[in-house]
Amino acid sequence: SDISKLLVRSYNGEADVLINKMRPYKLESAVDRLHKSRATITKLGVTMDIAISEKYHAARIEELKLTADFLAKKEEEKEAEREAKAQLREEAKARKELEAEKARLFKEQAHYHASLLRLREGGTEEEVAAAEAKLAELDEAIHGVEDRAANVRAGYVYVISNFGAFGEEVVKIGMTRRLEPMDRVRELGDASVPFKFDVHALVFSEDAVTLETQLHQAFEPQRVNLVNRRREFFYATPAQVRSVLDSHDVELVEYIEEPEAEEWHMSTNARQA
């Protein structure tokens, strides 16, 4: 009886340690260790017909699996919360930029209105026509900013890479509603990566959300992170992404297939000097 209690305590102690130190990626090795622990106890207790029953062993393995699943879901929730906060910050920056641009345009519009009144009193026809044309241009620009602010799906889809950090066949495909999309690219190339990102394309779309989703779906088999789908990195070349973009109704003003990787090349040269 004492030996039976001792062996059960040993088995449960091993199981408890595995549960307390569980990480989702360690599940397979934890189950294997518990199988070995049971086998060892069975071998030690064979002369006294002492063993861990299959039903109890299965229950403890299920406990390991449930713990791993719980930890994975908990991490998913944390990541989703972090992503939601990051998205809110990005949206706030976009709204702030659009509001600032609208205020600037209204100020410039007021200036030209006042200028036009003066020109109509003592200016030439050419000067009046130029001021009217500028006002029409500003009016169109204001409407454009207002449309951008109202349409939450409009924005830029970007295709970028970081040769020095991830190699030549990894790209990031994302979208931003920022008025100046390069601000977002520069933020992504902050101190968390050793080199700046190279931009292969910035595509404006009235429905950038759908375009981004279509690109992600096209490269789904080449996704780098299969666990966290919010990480928008794919095993693909810029040329492969361009071929998919060409199949969609988008206007590519410029597409750079070869990454410049200036900082990486300069660092490599300095290291070899």
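At a threshold of 4.5 Å between side-chain heavy atoms, the hydrophobic network of Ile, Leu, Val, Met, Phe, Trp and Tyr places Val171 and Phe233 in two separate groups. Placement of Val224 and Phe163 in two distinct hydrophobic clusters is found when ILVMFWY residues are connected by side-chain heavy-atom separations under 4.5 Å, directly or transitively.
Between Tyr11 and His57, the two ring planes are tilted [angle within 30° to 60°].
In Arg33, the CZ atom is not crowded: 12 or fewer heavy atoms of neighbouring residues, nucleotides or ligands sit closer than 6.0 Å. Remark: Arg231 CZ is loosely packed, at most 12 non-hydrogen atoms of other residues, nucleotides or ligands lying under 6.0 Å away. Atom CZ of Arg104 has more than 12 heavy atoms from other residues, nucleotides or ligands within 6.0 Å. Under a cut-off of 6.0 angstrom, the local environment of CD1 in Ile3 is sparse, with at most 12 non-hydrogen atoms contributed by other residues, nucleotides or ligands. Dense packing is recorded around CE of Met48, with more than 12 heavy atoms of other residues, nucleotides or ligands lying under 6.0 Å away.
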Arg60 vs Glu63, test: salt bridge (Lys or Arg N to Asp or Glu O under 4.0 Å). Steps then yes/no.
CA-CA 5 Å; Arg60 297 240 61 175; Glu63 189 177 2; 2.9 Å; yes
I would like to know whether Ser192 and Asp190 meet side-chain hydrogen bond (donor to acceptor under 3.5 Å, both in side chains); could you show each step before the answer?
CA-CA 6 Å; Ser192 61; Asp190 62 9; 2.6 Å; yes
Any chance you could lay out the side chain to side chain contact (heavy atoms under 4.5 Å, CB included) test for Val159 and Phe234, step after step, and finish with the verdict?
CA-CA 11 Å; Val159 181; Phe234 302 86; over 6 Å; no
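Of the possible donor and acceptor atoms, one in the side chain of Asn269 sits under 3.5 Å from a partner among the backbone N and O of His265. For Asp198 (side chain) and Ser161 (main-chain N/O), no donor-acceptor pair under 3.5 Å exists by modelled atom type. Ser10 places no side-chain N or O within 3.5 Å of a backbone atom of Leu6 that could act as its donor or acceptor partner. Between the side chain of His248 and the backbone N or O of Val244, at least one donor-acceptor pair lies under 3.5 Å. In terms of modelled atom types and a separation under 3.5 Å, the side chain of His200 and the main chain of Ile160 share no donor-acceptor contact. Using modelled atom types, one side-chain atom of Asn162 and one backbone atom of Phe195 make a donor-acceptor pair closer than 3.5 Å.
The two residues Ala239 and Glu257 come nearest to each other via the heavy atoms CB-OE1, 3.6 Å. The minimum heavy-atom distance between His35 and Ile61, with the atom names listed, is CE1-CD1, 3.3 Å.
Considering Glu91, Glu90, Glu97 as possible partners of Arg177, the one that fulfils the side-chain contact (heavy atoms from CB on, under 4.5 Å) test is Glu91. For the salt bridge (charged side-chain N to carboxylate O under 4.0 Å, His left out) with Glu187, the qualifying choice from Arg89, Arg178, Lys196 is Arg178, the only one to do so. Here the options are Thr176, Leu202, Leu211, Val250, the test is side-chain contact (heavy atoms from CB on, under 4.5 Å), and the partner is Val157; only Leu211 passes.
A donor-acceptor contact closer than 3.5 angstrom is absent between the side chains of Glu83 and Gln87.
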